[in-house]
Amino acid sequence: MSIEKTTDPAAALHFLEEIVESDLAAGRYKSILTRFPPEPNGYLHIGHATSICLNFGLALKYGGATNLRFDDTNPVTEETEYVDSIISDVCWLGFEPARILYASDYFQQLYDWAKVLIMNGKAYVDFSSAEEIAALKGTPTEAGKDSPYRNTSPEENLALFEKMKAGEFPDGHCVLRAKIDMASPNMIMRDPLLYRIKHAHHHRTGDAWCIYPMYDWAHGQSDSIEHITHSICTLEFAPHRELYDWCIAQLGIFPSKQYEFARRNVSFAVTSKRKLKQLVEDGHVRGWDDPRMPTISGYRRRGYTPASIREFCDRIGVGKREMVADMALLEFCIREDLNKSSLRRFAVLDPLKVVITNYPEGETEWLETENNPEDPGTGKRQLAFGREIFIEQDDFMENPPPKYFRLSPGGLVRLKSAYIIKCEEVIKDAAGKITELHCSYVPESRSGQDTSGLKPQGVIHWLSASNARKAEVRLYDRLFQVEDPASEEDFKSTLNPKSLQIIDHALIEPDLADAKSGEQFQFTRLGYFCVDPDGTAEKPVFNRTVTLKDTWAKEMKK
RNA sequence: UGGGCCAUGGUGUAAUGGUAACACAGCAGAUUUUGGUUCUGUUAUUCAGGGUUCGAGUCCUUGUGGCCCAACCA
């Protein structure tokens, strides 16, 4: 799949596009190369999606390419399972990496470069403990102090470093540090760690290495090796840029450049791997792909389309200020997409039986209705109509408020694509609960050939009792009750207890029972739904992606 | 000895010294056999003080506020 990046010349450029355009105009690069560099230690979430869209989108717009590179320098936390899910998520979003690469591919090169640094007197092996190193680091307002190991000779350091690599020291025994400036106002530059010892199995290199490069020693050089022109990362890496450039300058290699943008958050969601992991492990959700999760796999299962997520990323823009995008915009994007593309079907989530007393017993007629009024090319379908039907409980009220357009005692309502009915009698059980409605229909009000002259305000959906099928429907609401759960002392205390409502007695049109996992529909008047993989032929399961805009519900809240 | 980044309606994003705009959200109306869609209208914005200028969201200056940096994580 490929995405057409249409460029509106009048559209304003964001700051990264400006940088790219000026680089291209100045002839600094013939074409650009970006990269998306996830660490394979968790599932991708909506924040990653914005980064993916940015990196791939930039390359697409300017005729460049994008590598997918796994930043797999920490064997303790990384797993192949995550690599696979990340690749599939990126592809699902509609992007095609030019190459799929791994920082671990460069371990030998990185090691050789570290030795160059050592021989140039720019790195040393430090046997101080982690605590000692931290203590000598200083504070933001106080200069650090030199390590006692800082002035070891290059030759000795080289021998020591080779011993580290050879596995002669246990974990944590020593580290390789760059020799820069313990008094730098930038804490990152106070002799940063380059290598640590971890006798751990790596998901790709196995047991070949027991020393692993730190982010700062791996990232810029990996970019450089691949000739990445624009290395785009989030704001918190801005202080690292000085070190990024320093490493590249020391080695005299291809000068990739780092640019930072503000992480893009979404309201009513958390986007931190740690927090998401907690939700999964504590059982607050059913898994990483739970449709309530802001993970890419969660949105996919929920029924969000790749196009809707890309559109969302485009619309929220890119900047350098901390921001929280409104979830309502994401919902707007998915409704906009699905409104155009999804077939309409009738489903009754909470059925109320209606007997049409003046309709002949045992008779069935077939009524035509459109599959998608937004796209006449999708044709029409036939609905069975008979004496017994089901309507939505919500579409009947015994004592309706003003402006209630639906059915009420003695009132009229239009059954969409069928007849106008009038509520004649409300049947209740001993407890006073409404069990069914007796209605009469107006024979000359048949949809499309209505000569009744009646004009009920309300139009409701319905299903024939003769052929409706059962289904489970899962209704999702926001996972959190507050806009910014991450800012709470305990984000889990703001979980929405009603984020999942399971309806096991819903009714659907018969052909819906054969829909394949992932297929999407608009349930008329209710919202957009997709088929969940949990379903079976006997009991299909539908996930509500998003409701339709509901001005009546809004009115009722007032 | 602190350094870096940032500040425009409710939320985002534009305006690159010359009428503060666009989208979402909100509100009001029209259309509608989905209280959907579509269409129209509308509310609401430059962190504060000082300066430069005919003119400042934009430049200068002083504040204020927010985020990041003292992981052998990325």
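In what follows, chains are A, B, ... by sequence order, proteins preceding strands, each numbered from 1. Computed from a predicted model, the values in this text were never measured in an experiment.
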Q: Give a yes/no answer on whether the side chain of Arg190(A) brings an N or O atom under 4.0 Å of OP1 or OP2 in G3(B).
A: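 No, outside the criterion.
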Q.
Just N and O in the side chain of Lys554(A): are any of them under 4.0 Å from OP1 or OP2 of G26(B)?
A.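 For G26(B), OP1/OP2 do have a side-chain N/O of Lys554(A) under 4.0 Å.
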Say you draw a straight line from [atom1] of [X] to [atom2] of [Y]; how long is it, rounded to the nearest 0.5 Å?
X: Ile211(A); Y: Lys163(A); atom1: CD1; atom2: NZ; answer: 14.5 Å
X: Asp337(A); Y: Ser308(A); atom1: CG; atom2: OG; answer: 5.5 Å
X: Ser417(A); Y: Leu367(A); atom1: OG; atom2: CG; answer: 8.0 Å

**Study point:** Ring center gap for Phe312(A) and Tyr304(A) short of 6.0 angstrom
**Key:**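 So the answer is no for these two rings.
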Query raised in the report: Does a donor on one side chain sit under 3.5 Å from an acceptor on the other, for Glu374(A) and Asn372(A)?
Result: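 No.
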Do Lys380(A) and Asn371(A) pair up side chain to side chain, a donor and an acceptor below 3.5 Å, judged on atom types alone?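 Not at all, the side chains of Lys380(A) and Asn371(A) share no donor-acceptor pair under 3.5 Å.
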Rounded to the Å, how far apart are [X] [atom1] and [N] [atom2]?
X: Arg241(A); N: G3(B); atom1: CZ; atom2: P; answer: 16 Å
X: Leu13(A); N: A15(B); atom1: CG; atom2: C1'; answer: 13 Å
X: Arg263(A); N: G4(B); atom1: CZ; atom2: P; answer: 22 Å
X: His14(A); N: A14(B); atom1: NE2; atom2: P; answer: 9 Å
X: Asp181(A); N: G3(B); atom1: CG; atom2: C1'; answer: 12 Å
X: Phe15(A); N: C5(B); atom1: CZ; atom2: C1'; answer: 11 Å
X: Gln258(A); N: C5(B); atom1: CD; atom2: P; answer: 13 Å
X: Asp314(A); N: A14(B); atom1: CG; atom2: C1'; answer: 15 Å

Inset, instruction - Could you give the distance separating U45(B) and U11(B) at their P atoms, to the nearest angstrom? - result: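 Those two atoms are separated by 13 Å.
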Item to check | Whole-angstrom distance between A44(B) and C6(B), as gauged at atom C1' | outcome: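 Their C1' atoms lie roughly 24 Å apart.
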#### Entry: Full working for side chain to side chain donor-acceptor pair (under 3.5 Å) between Gln522(A) and Tyr528(A)
CA-CA 4 Å; Gln522(A) 182 196 104; Tyr528(A) 298 98; 3.3 Å; yes
Readout for nucleotides 29-46 of chain B: B = base within 4.0 Å of protein heavy atom, S = sugar-phosphate only, - = neither; 5' to 3' it is ----BBBBS---------
The contact string for nucleotides 63-74 of chain B, one letter per nucleotide 5' to 3', using protein heavy atoms under 4.0 Å with B, S and - for base, sugar-phosphate only and none, comes out as ----SSSBSBSB
| message | Applying a 3.5 angstrom cut-off to the pairing atoms, does RNA chain B sit in any stems of at least three consecutive Watson-Crick or G-U pairs? List them by first number. | response |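 So the stems come out as B:2-7 with B:64-69, B:10-13 with B:21-24, B:26-30 with B:38-42, B:47-51 with B:59-63.
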Does a salt bridge link Arg35(A) with Glu226(A), judged by any charged N lying under 4.0 Å from a carboxylate O?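 Salt bridge flag = no for Glu226(A) with Arg35(A).
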Salt bridge or not between Arg150(A) and Asp191(A)? Use side-chain N to carboxylate O under 4.0 Å.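 So Arg150(A) pairs with Asp191(A) through a salt bridge.
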Could you walk me through whether Thr378(A) and Glu370(A) pass side chain to side chain donor-acceptor pair (under 3.5 Å), step by step? CA-CA 8 Å; Thr378(A) 55; Glu370(A) 67 272 2; over 6 Å; no
Where do Leu54(A) and Arg264(A) land on the side-chain contact (heavy atoms from CB on, under 4.5 Å) test, with the steps shown first? CA-CA 11 Å; Leu54(A) 222 204; Arg264(A) 298 183 281 180; 4.0 Å; yes
| request: Could you walk me through whether Asn186(A) and Glu242(A) pass the side chain to side chain donor-acceptor pair (under 3.5 Å) test, one step at a time? | output: CA-CA 9 Å; Asn186(A) 181 356; Glu242(A) 192 179 353; 2.9 Å; yes
